[in-house]
Number of protein chains: 2
Amino acid sequence: MQYEMPTLTHVARLAGVSENTVSRVIRNKGPIADATRDRVVLAIEKLGYVPNRAAGSLASSGSLLIGVLLPSLSNIVYPEVLQGIYAALAATSYQPMIGVTDYDPVKEQSILSSLLAWQPAAIITTGFDHTDATRRMLDNSRVRVAELMDIDAEPIDIAVGLSHHQAGYAVGRHLIARGYRRFGYVGHDWIADRRARMRYDGLVQALAETGMTLEGEQCFDGPSSTMAGRDTLAILLERLPGLDAVVFSNDDMAVGGFFHCLVAGIAVRERLALFGFNGLDIGQVLPLPLSTVRSNRFLIGKIAVEKLLESPERALDKLVVDTGYDIVEGATA
Amino acid sequence: MQYEMPTLTHVARLAGVSENTVSRVIRNKGPIADATRDRVVLAIEKLGYVPNRAAGSLASSGSLLIGVLLPSLSNIVYPEVLQGIYAALAATSYQPMIGVTDYDPVKEQSILSSLLAWQPAAIITTGFDHTDATRRMLDNSRVRVAELMDIDAEPIDIAVGLSHHQAGYAVGRHLIARGYRRFGYVGHDWIADRRARMRYDGLVQALAETGMTLEGEQCFDGPSSTMAGRDTLAILLERLPGLDAVVFSNDDMAVGGFFHCLVAGIAVRERLALFGFNGLDIGQVLPLPLSTVRSNRFLIGKIAVEKLLESPERALDKLVVDTGYDIVEGATA
DNA sequence: GTGAAATATGTTAGCGCTGAGATATCAAAA
DNA sequence: TTTTGATATCTCAGCGCTAACATATTTCAC
């Protein structure tokens with residue numbers, strides 16, 4: 001019942017041309033007479049021919065693959081970046097090949113090596129935190145490289161994202177301008193999440209420049225989540241009930257904080273301002289839309305792909321694309 | 001600066017053995033003397049050799065890839081399935097190759113064909129709604145196939161999931177037992193989401209068996225989201241303020257409904273019961289934990305991979321794994 | 001009409017690996 | 001000693017495609 005898969009040879013035979021001609025029709029490369037093309041296309045359709053990518057890759061020592069390294073799938077932020085990547089890729093014949101690193105540079109390194117085994121045209125990864133071996137592999141393979149989310153360091157090739165330090169700083173200035181004075185911070189595991197750390201630093205700097213400090217901070221030892229945000233705010237407030245504004249490491253945490261206030265009967269904004277980061281949908285649907293910073297995740301993924309595909313060679317100078325951020329005023333601060 | 005990538009030949013030369021021997025060491029296949037293995041491993045490490053998968057694939061007409069077809073990435077449910085897939089794959093040397101179909105069988109078909117071009121060992125897809133061409137391709141390629149999420153139809157090879165009809169039915173029985181009598185339904189676009197439709201049918205059946213009907217239903221014309229849930233519930237209640245229980249097509253919608261109640265001052269459960277589906281974290285962190293049905297997404301992905309890898313050949317009989325569901329009592333119904 | 005350029009197609013040699021079978025080596029059995 | 005079978009290794013053809021080059025064929029300026 002199972003006929004063998006048709007190959008280029010079959011198509012060529014049926015269309016009465018050489019294999020090479022079929023190959024050229026498929027790849028749209030080199031001059032082809034219209035009549036020939038039609039015959040070939042017909043043959044392809046008749047046989048239901050699908051090119052064998054492995055063979056193509058091998059012969060051309062290159063592929064239509066883009067390796068994508070994401071730190072996690074549980075944080076909705078990364079699937080959103082992925083959506084941007086898919087959106088930009090839809091118009092092309094490239095396909096992403098995705099690895100999940102769990103925020104671990106060593107894991108990143110090993111996954112990278114198995115991605116490189118497929119001779120991808122480009123690699124998309126996250127942040128600047130790579131092992132030396134990772135950098136070496138990336139250099140030795142001629143692939144283009146995009147580092148996403150962050151632009152606070154020198155990229156290997158392309159960086160697309162925003163300055164988290166700046167974003168944190170902007171939050172600080174914003175809250176100070178709004179008259180808040182007694183600041184707290186609720187965070188999560190930032191050994192893993194370096195960008196959260198950078199925002200924190202920016203925030204602290206903004207406060208320092210105005211002669212202020214964080215009155216207290218409480219970090220949850222684990223990944224960010226709504227539940228972590230709720231519980232961690234509770235702990236912080238028990239210690240420091242007099243705070244008038246709490247900045248969270250991200251929206252997940254902040255939404256949790258909001259729920260805590262709801263249950264504890266704390267008037268959000270009047271008695272306690274809440275501020276997040278990311279601009280997730282969930283925050284904007286709360287009874288009081290969350291005050292936060294919008295990072296453009298979809299855009300980051302999309303632009304990264306577009307820039308990568310502009311040229312197969314790395315340019316002489318590194319490219320840094322700042323996708324920016326917007327303060328979302330919201331109603332919680 | 002860029003030395004060419006080392007190949008089997010280089011490793012073989014350095015280790016003083018034939019290429020084939022190196023290949024066997026790498027794949028752990030056939031008898032190898034310990035001394036030889038050591039020399040080869042050393043050479044591999046020295047050269048930083050990474051096997052070229054394209055070549056391997058071509059030569060063996062097979063690959064360590066698993067094609068994964070997901071309907072969407074915006075619904076957190078699918079990244080969660082993916083996590084299960086990655087978890088099960090972590091222990092193996094297989095890699096997933098992911099395509100996003102946007103709930104469109106035609107798109108599924110075209111993505112499938114480009115996945116098959118890589119000669120994957122297996123295909124994981126969602127639901128039973130495929131085009132004829134898709135089924136044919138799946139049959140002609142000898143790959144194993146898992147259809148996830150749903151078990152309400154005859155699978156091609158393996159199905160892993162739960163009966164959505166049953167789950168909907170169970171929700172109906174549960175709510176009736178709790179004394180609710182005036183039911184509404186808030187849904188989303190179910191041309192795309194067939195499983196939501198099946199739950200709806202189950203619910204309606206449970207009501208019918210007790211001589212009841214839905215007093216009203218309101219569907220949002222688009223994908224599910226918290227915002228859609230909030231706004232759609234508002235519309236429904238305007239029309240039918242006397243309802244005492246509303247079932248939502250899923251948790252996203254239900255959480256939105258909860259927020260509507262919060263703003264509109266409707267006492268959840270006392271005046272209006274809310275019921276979701278999925279058991280998402282966000283629902284369980286609400287001031288009142290959402291009453292819902294837990295579907296085991298992570299497990300579904302994980303089991304699918306495990307079953308697929310048990311054997312490279314399809315078994316004679318179809319395999320159906322029911323991952324079940326749990327009614328989560330919550331506090332909103 | 002001639003030659004040169006442009007256009008269209010064919011020929012050939014691999015890409016790096018694996019599978020099948022051939023060969024070599026050695027211990028235990030005859 | 002020879003045979004046998006296991007164990008360890010090698011040889012070599014090819015997987016299906018593409019790159020580079022070779023070979024027509026047509027077009028058009030002069």
Side-chain angles (χ1 to χ4, degrees), chain A residues 3-41 43-44 47-65 93 114 116-121 141-142 312, chain B residues 3-40 43-44 47-65 93 114 116-119 121 141-142 312:
Chain A
Y3 30 69
E4 60 181 311
M5 284 287 167
T7 71
L8 257 201
T9 316
H10 300 129
V11 178
R13 204 135 46 196
L14 180 57
V17 296
S18 77
E19 301 186 16
N20 187 303
T21 302
V22 178
S23 172
R24 262 142 56 209
V25 169
I26 289 169
R27 287 174 300 140
N28 250 322
K29 221 174 181 183
I32 295 282
D34 287 347
T36 313
R37 168 176 290 110
D38 292 347
R39 259 185 312 141
V40 170
V41 169
I44 288 176
L47 294 175
Y49 169 72
V50 176
N52 181 327
R53 298 276 179 209
S57 250
L58 179 57
S60 65
S61 52
S63 78
L64 295 174
L65 286 179
S93 39
S114 61
L116 288 178
W118 291 101
Q119 316 242 69
S141 64
R142 349 174 142 1
Chain B
Y3 30 69
E4 59 181 311
M5 283 288 166
T7 71
L8 258 200
T9 317
H10 300 128
V11 178
R13 203 136 46 200
L14 181 57
V17 296
S18 77
E19 303 186 14
N20 187 296
T21 302
V22 178
S23 171
R24 262 146 56 217
V25 169
I26 290 169
R27 289 174 300 142
N28 250 321
K29 220 175 179 183
I32 296 282
D34 287 345
T36 313
R37 168 177 290 110
D38 292 347
R39 257 183 315 141
V40 170
I44 288 177
L47 294 175
Y49 169 71
V50 176
N52 181 327
R53 297 277 179 208
S57 249
L58 180 58
S60 65
S61 52
S63 76
L64 295 175
L65 286 179
S93 40
S114 61
L116 288 178
W118 291 102
Q119 316 241 68
S141 65
R142 357 180 138 353

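In the text below, chain A, chain B and the rest are named by the order of the sequence lines, each starting its count at 1. The figures that follow rest on heavy atoms only: side chains count, while hydrogens, waters and symmetry mates do not.
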- Task: Taking only the side-chain nitrogens and oxygens of A:Ser61, find out if one of them lies under 4.0 Å from OP1 or OP2 of C:dC15.
- Result: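 Answer no for this pair, as no side-chain N or O of A:Ser61 is under 4.0 Å from OP1 or OP2.
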- Query: With respect to the phosphate group of C:dG10, does any side-chain polar atom (N or O) of A:Thr21 fall under 4.0 Å of OP1 or OP2?
  - Reply: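 Result: yes.
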Separation of [N] [atom2] from [X] [atom1] (nearest whole Å):
| X | N | atom1 | atom2 | answer |
| --- | --- | --- | --- | --- |
| A:Lys29 | C:dT7 | NZ | P | 18 Å |
| A:Asn52 | C:dG16 | CG | C1' | 14 Å |
| B:Asn28 | C:dT18 | CG | C1' | 15 Å |
| B:Arg24 | C:dG21 | CZ | P | 15 Å |

Could you please name the option among [options] that lies closest to any side-chain atom of [X]?
| X | options | answer |
| --- | --- | --- |
| B:Ala33 | C:dA8, D:dC10, D:dT9 | D:dT9 |
| B:Thr36 | D:dA8, C:dC17, D:dG16 | D:dA8 |
| B:Leu58 | D:dA19, D:dC17, C:dG16 | C:dG16 |
| B:Ala55 | D:dT18, C:dC17, C:dT9 | C:dC17 |

- Message: Does A:Ser18 reach a base, just sugar-phosphate, or nothing at all? Heavy atoms under 4.0 Å.
- Response: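 The residue A:Ser18 makes base contact.
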- Query: Do side-chain atoms of A:Ser60 reach the backbone of A:Gly56 as a donor and acceptor pair under 3.5 angstrom?
  - Reply: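 Yes.
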Do [X] and [Y] have side-chain heavy atoms sitting under 4.5 Å apart?
| X | Y | answer |
| --- | --- | --- |
| B:Val50 | B:Met5 | no |
| B:Ile26 | B:Val11 | no |
| B:Val17 | B:Val40 | yes |

- Query: Is there a donor and acceptor pair closer than 3.5 Å between the side chain of A:Asn20 and the base of C:dT11?
  - Reply: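 Pair found.
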- Message: Quick check: on DNA chain D, is the nucleotide nearest B:Pro31 upstream (toward 5') of the one nearest B:Glu19, or the reverse? Name the residue that is more 5'.
- Response: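 Mapping each residue to its closest nucleotide by heavy atoms, the 5'-most match is B:Pro31.
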